[in-house]
Amino acid sequence: MSTGNMNLTLKVWRQKDSKAKGNLVDYKLSEISPDMSFLEMFDVLNEQLINKGDEPVVFDHDCREGICGACSMFINGRPHGPKDRVTTCQLHMRSFKDGDTIVVEPWRAAAFPVIKDLTVDRTAFDRIIAAGGFISVNTGNAQDANALPIPKLQADAAFEAAACIGCGACVATCKNASAMLFTSAKISQLALLPQGQPERYRRAQSMVAQMDAEGFGNCTNTGACEAECPKGISLENIARMNRDFYASKFVSEEEV
């Protein structure tokens, strides 16, 4: 009697480091439960490799709840796999069929060099945030909740931009390896709020300059980034970032 479990063939990218030449390696897995997450399936693979004395596949993961943005696998030609609005850790094996061949690769972008196997270096995102993704305020007691009234539509838009988890799927799916969706989300989450106004134009200039310095490509409005983003970050944020960036050229040095 069938257990409902699956037999699968994995083609996994193996690469020693950023300078080594990588290649796809075939692995056979049997009796994989459809209720496993994709990362749990990789745990099974790695356990088998370790038991045989082979080196396990290196991959990023942390919360396994779709929050942290650490998991980053390009699965059958799509970042995070075949389902919409889910991260790799939220993808379950019931999304595949018995006998399937699954190709798993790392993010592909010059600004995301491979560290090993499926793990890439995404610290370029951290440097973009450090360039201006903050507000400069004195620390101390929190203000009263009603001290800065914010219209609900504005607050909702800021919250939606802040939902970006920085996973890098937008870069991985973009034909130009552009980071404009990520950068614009981090700019918008502050530009839409009163607290973000004093440094609004300086922020846009600094973060865009850092994004370019990291080697990311430009946006050509294909829209693949929004389509593949697990949090559904909108292209409207890119338009807002562009407006702020161009407006920053016409304000005084004191304002910037």
Side-chain angles (χ1 to χ4, degrees), residues 1-15 22-108 112 114-120 122 125 159-160 162-173 181-182 185 224-234:
M1 185 176 67
S2 173
T3 62
N5 291 343
M6 298 180 290
N7 298 324
L8 302 167
T9 299
L10 299 182
K11 291 181 176 292
V12 181
W13 186 261
R14 304 301 307 264
Q15 185 172 341
N23 62 285
L24 290 169
V25 178
D26 290 1
Y27 298 104
K28 300 286 186 181
L29 286 178
S30 58
E31 293 298 308
I32 296 298
S33 168
D35 296 324
M36 281 184 180
S37 73
F38 201 83
L39 295 189
E40 287 172 334
M41 180 269 294
F42 259 84
D43 292 338
V44 171
L45 170 63
N46 278 344
E47 186 175 354
Q48 292 180 6
L49 291 174
I50 291 169
N51 288 338
K52 290 194 298 183
D54 295 334
E55 193 166 359
V57 178
V58 176
F59 62 92
D60 270 339
H61 65 96
D62 193 358
C63 74
R64 300 201 178 199
E65 294 179 342
I67 298 170
C68 70
C71 57
S72 50
M73 296 184 184
F74 211 74
I75 303 165
N76 285 347
R78 291 186 64 184
H80 296 304
K83 295 292 186 180
D84 294 334
R85 301 292 178 92
V86 297
T87 56
T88 301
C89 62
Q90 294 174 304
L91 180 67
H92 285 81
M93 297 313 298
R94 52 180 169 267
S95 301
F96 303 93
K97 299 189 298 293
D98 182 36
D100 274 356
T101 296
I102 305 173
V103 181
V104 188
E105 302 170 271
W107 288 168
R108 302 289 190 185
F112 287 163
V114 172
I115 296 175
K116 188 171 184 177
D117 296 339
L118 302 175
T119 297
V120 299
R122 287 175 290 178
F125 274 7
F159 183 85
E160 288 166 4
C164 169
I165 57 176
C167 66
C170 52
V171 175
T173 196
L181 191 68
F182 164 80
C225 53
E226 180 180 352
E228 297 291 3
C229 175
K231 299 302 177 181
I233 303 300
S234 173

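Numbers for residues simply follow the sequence, beginning at 1.
Between the side chain of H92 and the main chain of S37, no donor-acceptor pair closer than 3.5 Å is present. Judged by distance alone, with hydrogens and angles left aside, the side-chain atoms of Q90 form a donor-acceptor pair with the main-chain N or O of T87 at under 3.5 Å. No donor-acceptor pair closer than 3.5 Å links the side chain of K231 to the backbone N or O of A162. Using a distance-only test at 3.5 Å, with no hydrogens or angles considered, no donor-acceptor pair links the side chain of D60 to the main chain of T119.
Smallest separation of non-hydrogen atoms from D117 and P56: OD2-O, 3.8 Å. Looking at every heavy atom in both residues, G66 comes nearest to C89 through N-SG, 3.3 Å. Across R14 and E55, no two heavy atoms sit closer than the pair NH2-O, 3.3 Å. Contact detail for L24 and V104: the closest heavy-atom pair is CD2-O, 4.2 Å. Nearest heavy atoms, V114 versus P106: CG2-CG, 4.1 Å. Shortest non-hydrogen contact noted between I75 and L91 is CD1-CD2, 3.9 Å.
The distance from the CD atom of E47 to the NZ atom of K52 is 12.5 Å, given to the nearest 0.5 Å. With values rounded to the nearest 0.5 angstrom, M73 atom CE is found 9.5 Å from W107 atom CH2. Atom CZ of F38 and atom OG of S95 lie 9.5 Å apart (nearest 0.5 Å). From F96, atom CZ reaches atom CE of M36 across 14.0 Å, with rounding to the nearest 0.5 Å.
Put simply, the side chain of N5 reaches to within 4.5 Å of the side chain of S33, judged on heavy atoms. The shortest side-chain heavy-atom distance between L29 and Q48 falls under the 4.5 Å cut-off. Side chains of I102 and M93 form a contact here, defined as non-hydrogen atoms less than 4.5 Å apart. Looking only at side-chain heavy atoms (C-beta outward), T88 and F59 stay at 4.5 Å or farther from each other. Looking at M41 and L10, their side chains come closer than 4.5 Å, going by heavy atoms from C-beta outward. Considering only heavy atoms from C-beta on, F74 stays 4.5 Å or farther from R108 through its side chain. Proximity of N7 to D98: side-chain heavy atoms (C-beta onward) are separated by under 4.5 Å at one or more points.
Note: F125 and F182 have parallel aromatic rings, judged against thresholds of 30 and 60 degrees for the angle between ring planes.
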Going through the distances and angles, do M6 and D100 end up as a side-chain contact (heavy atoms from CB on, under 4.5 Å)?
-> CA-CA 9 Å; M6 298 180 290; D100 274 356; over 6 Å; no
Check the pair V25, V12 against side-chain contact (heavy atoms from CB on, under 4.5 Å), reporting the backbone distance first and the verdict last.
-> CA-CA 5 Å; V25 178; V12 181; 5.6 Å; no
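Using a 4.0 Å cut-off between charged nitrogen and carboxylate oxygen, D43 and R64 count as a salt-bridge pair.
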